[in-house]
Amino acid sequence: MQTQLTTADAYNLVHDGILAFARAEQQGMRIDVDYCERKKTFLTRKIEYKVKQFYETELGRQWHQVFGPKMTLGSNDQLGHILYETRGIEPVKLTASSKKGATDEAALKQLKIPDLDILIGIRKLKKIRDTYLDAFVREQKNGILHPFFELHTVITFRSSSRRPNFQNIPKRDKESMKICRSAIYPRLGHQLMEVDFSSLEVSIAACYHKDPVMIAYLMDPDSDMHGDMAEQIFLIKGFDKKKYSEHKLLRNAAKNGFVFPQFYGDFYGNNAEGLCTWVDLPQSKWKPGMGMKLPGGIHISDHMIDNGVKSFDAFVEHLKGIQDHFWNDRFKVYGQWKEDWLEEYRNKGYFDLFTGFRCSGVMGKNEVINYPVQGAAFHCLLWSFIDLDHRMREEKWDTKLIGQIHDAVVLDVHPDELDYVSKVVKEVTCVALPKEWTWINVPLDVEADLCDVDRPWSEKKAYELN
DNA sequence: GGAACTCGCCAC
DNA sequence: AAACGTGGCGAGTTCC
């Protein structure tokens, strides 16, 4: 007895969502402006030092020789000219539109020119200073930042954020994370909390394709899809990510270098390159003693060679087999759904999301497969956000919603309300939402992070929701 | 001097 | 045969 959601439901979700977001925007979050200014000055000095250092390298001198006073460190056109014309190096990668030699970090790293590491360091510090700290100071009013959240800009019916973009503040790189997130504070006497759905897009995809093997993975907390893939990709028996940090790394490589890219429509050829970067193997013939070490100190190249994968080319072939198995065997129902869903779109010219939204227009295969998942997954967050906003006002919480990052909600919590709010957030996301939307046929779970009272966002720690 | 474009890089 | 989905934003560049 599934109730099909309609365009009217979709409209209401957007309407209520905009209003809930507007309240979060008005609430805003505290910014330590003095800290931002101090850090900007500090970064500027550090950048100047590195720039000087770079000018004294062989590459810096050569660049200056060719461009003279027109030399601009931020110009990738100039950098590309020096590397790929003056020096005549063969580019490892071309840019997407104009097909010139790429100068992004991955491309530069592969050239193995130490001088370029200084440039990469400069780029990183400039990014922190100019994209984040600068924007925080520019956009704050009376020490409060009010990022906008919009529902009308994204083709998949996700949200976007701007002035500043609250959805791309550094997280993975430790130094960038620390510097940027140390600027963001709760109201005095409050604490920041972030609650995110665990692997939401994987779960929502399962609602569409209903693959029993995938659903089994999602239902069984002791199962481990990425670990299983790591075993298969790296030919490891007795895989134990809890016992070996090396296995944890291989699991991460499998997850971020194969499984997720495959879900987005990538193919084994690209995956092979990505995976090799993760485990530090070259894209050539493999020799003993190459790459990361496995438990017991054996290099991964020796291990792969012992198991019959003796070169990058052989690894590509190996991955081709794994990709075939992945879609035609392991997750064959998912694989079939992709074909059927695409076929249906090609017949009708459109497809509908579970949440009542319709996507039409000219789309490629990957778009047709990805849009319904990306949109509906975000709508789970949106529905939760609206419901929380409603309860917050109804019950006159001191705690406030202040932002949202696709599958996560950010709150400014009063410590006295922490236990109650935690309980409500968990109840709304994991019980009320699946009850309201009966198309959700897998359990949803959330994880939380919390900062201490009056501490910045950089200091969040895992927090157990009861 | 601003619009439009490219590239690189941050997030999910 | 083809081949990673969605954004925002800053710097550099080109065009008008």
Side-chain angles (χ1 to χ4, degrees), chain A residues 67 70-81 93-108 119-120 122-136 138-139 147-173 176-177 179-181 194 196-202 204-205 256-274 316 319-320 323 338 342 359 363-375 377-378 380-381 403-408 410:
Chain A
F67 285 94
K70 284 213 164 77
M71 174 176 179
T72 308
L73 270 192
S75 168
N76 294 322
D77 270 9
Q78 292 186 7
L79 176 59
H81 183 91
K93 185 174 128 186
L94 300 179
T95 60
S97 31
S98 61
K99 309 292 173 198
K100 288 187 289 195
T103 55
D104 60 10
E105 182 175 346
L108 297 185
L119 201 64
I120 292 167
I122 293 170
R123 278 183 184 171
K124 180 176 133 176
L125 299 181
K126 278 188 174 170
K127 176 89 178 167
I128 298 171
R129 185 190 61 180
D130 300 339
T131 302
Y132 298 105
L133 299 184
D134 233 18
F136 293 168
R138 187 178 65 244
E139 301 296 347
F148 291 90
F149 297 96
E150 301 187 326
L151 287 172
H152 66 282
T153 60
V154 181
I155 196 156
T156 60
F157 302 106
R158 247 196 190 181
S159 68
S160 63
S161 170
R162 62 188 180 89
R163 294 193 66 182
N165 183 351
F166 185 65
Q167 297 176 322
N168 74 346
I169 300 172
K171 184 175 193 177
R172 296 178 192 122
D173 181 89
S176 309
M177 185 284 286
I179 296 174
C180 296
R181 296 188 176 215
E194 181 173 348
D196 69 300
F197 283 100
S198 323
S199 59
L200 183 60
E201 287 198 9
V202 177
I204 297 311
N256 299 314
F258 183 80
V259 178
F260 283 151
Q262 283 285 330
F263 287 162
Y264 286 136
D266 202 2
F267 85 121
Y268 64 91
N270 286 337
N271 298 156
E273 293 175 31
V316 172
L319 271 188
K320 183 181 190 309
Q323 176 182 295
K338 294 208 297 182
L342 180 64
C359 294
M363 286 175 267
K365 180 176 179 175
N366 288 341
E367 294 163 323
V368 172
I369 301 305
N370 284 319
Y371 288 5
V373 176
Q374 193 183 99
F378 166 68
C380 291
L381 184 283
Q404 158 272 134
I405 313 168
H406 305 305
D407 69 348
V410 181

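All chains are named by letter (A, B, ...) in the order of the sequence lines, taking the proteins before the strands, and each is independently numbered beginning at 1. Source: prediction; values computed, not measured.
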Whole angstrom is fine here: how far is it from [atom1] in [X] over to [atom2] in [N]?
| X | N | atom1 | atom2 | answer |
| --- | --- | --- | --- | --- |
| A:Asn370 | C:dG7 | CG | C1' | 14 Å |
| A:Asn366 | C:dA2 | CG | C1' | 9 Å |
| A:Tyr264 | C:dA3 | OH | P | 19 Å |
| A:Phe67 | C:dT13 | CZ | C1' | 13 Å |
| A:His81 | C:dT13 | NE2 | P | 13 Å |
| A:Glu201 | C:dC4 | CD | P | 17 Å |
| A:Asp77 | C:dT14 | CG | C1' | 10 Å |
| A:Phe157 | C:dG5 | CZ | P | 18 Å |

Base, sugar-phosphate alone, or nothing: which one does [X] contact when heavy atoms must sit under 4.0 Å apart?
| X | result |
| --- | --- |
| A:Ile369 | nothing |
| A:Ile169 | sugar-phosphate |
| A:Ser159 | nothing |
| A:Gln262 | nothing |
| A:Tyr371 | sugar-phosphate |
| A:Glu367 | sugar-phosphate |

Non-neighbouring partners of [X] that pass salt bridge (charged side-chain N to carboxylate O under 4.0 Å, His left out), sequence neighbours left out:
| X | answer |
| --- | --- |
| A:Asp104 | A:Lys93 |
| A:Glu139 | A:Arg163 |
| A:Lys100 | A:Asp77 |
| A:Arg162 | A:Glu150 |

| field | Any residue meeting ring-ring contact (aromatic ring centres under 6.0 Å, His included) with A:Phe258, in chain and number order, not counting sequence neighbours | value |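 Partners of A:Phe258 under the ring-ring contact (aromatic ring centres under 6.0 Å, His included) test: A:Phe326.
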| task | Mind checking side chain to side chain donor-acceptor pair (under 3.5 Å) for A:Ser176 and listing every partner two or more places apart, or none if nothing turns up? | result |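 Side chain to side chain donor-acceptor pair (under 3.5 Å) check on A:Ser176 returns A:Asp173.
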| message | If the condition is side chain to side chain donor-acceptor pair (under 3.5 Å), which residues does A:Thr72 pass it with, not counting sequence neighbours? | response |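 A:Thr72: no side chain to side chain donor-acceptor pair (under 3.5 Å) contacts found.
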| query | Is there a donor-acceptor pair under 3.5 Å between the side chain of A:Ser161 and the backbone N or O of A:Phe166? | reply |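 At least one qualifying donor-acceptor pair exists.
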| said: Using modelled atom types and a 3.5 Å cut-off, is there a donor and acceptor pairing between side-chain atoms of A:Gln167 and backbone atoms of A:Ile169? | reply: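 Not confirmed, A:Gln167 side chain does not pair with A:Ile169 backbone.
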| Do A:Gln167 and C:dG7 have a side chain to base donor-acceptor pair shorter than 3.5 Å? |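 Answer no: no donor N or O sits under 3.5 Å from an acceptor.
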| field | Within residues 94-102 of chain A: residues closer than 4.0 Å to DNA chain B (heavy atoms) | value |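 Close to the strand are A:Thr95, A:Ser97, A:Ser98, A:Ala102.
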| field | Heavy-atom side-chain proximity of A:Val202 to A:Val259 below 4.5 angstrom | value |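 With C-beta onward as the side chain, the pair stays apart.
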| said: A side-chain contact here means heavy atoms from C-beta on lying under 4.5 Å apart; do A:Thr156 and A:Phe378 qualify? | reply: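 No, side chains not in contact.
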| task | Enter the distance from A:Arg158:CZ to A:Thr153:OG1 here, rounded to the nearest 0.5 Å. | result |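 Between A:Arg158 CZ and A:Thr153 OG1, I get 11.0 Å after rounding to 0.5 Å.
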| Taking atom CD of A:Gln262 and atom CG of A:Leu319, what is their separation to the nearest 0.5 Å? |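 Taking CD in A:Gln262 and CG in A:Leu319, the distance rounds to 8.5 Å.
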| Near A:Ile120 CD1, under 6.0 Å, is it more than 12 heavy atoms from other residues, nucleotides or ligands? |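 For A:Ile120, atom CD1 is crowded (more than 12 foreign heavy atoms under 6.0 Å).
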Taking N or O atoms only and anything under 3.5 Å, show me the protein contacts with nucleotides 9-11 of chain C, one pair per line.
from: C:dC9; atom 1: OP1; to: A:Arg163; atom 2: N; distance (Å): 2.7
from: C:dG10; atom 1: OP1; to: A:Arg138; atom 2: NH2; distance (Å): 2.8

| Covered region of DNA chain B, 5' end to 3' end, by chain A [heavy atoms, under 4.0 Å] |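 Nucleotide range with atoms under 4.0 Å of chain A: B:dT6 to B:dC12.
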| Mind checking what makes side-chain contact (heavy atoms from CB on, under 4.5 Å) contact with A:Tyr264, not counting sequence neighbours? |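 For A:Tyr264 the side-chain contact (heavy atoms from CB on, under 4.5 Å) partners, ignoring immediate neighbours, are A:Glu201, A:Asn370.
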| request: Dot-bracket for DNA chain B, please, read 5' to 3', with Watson-Crick or G-U wobble pairs under 3.5 Å on both distances, ( ) within the strand, [ ] crossing, | other strand, . unpaired. | output: ||||||||||||
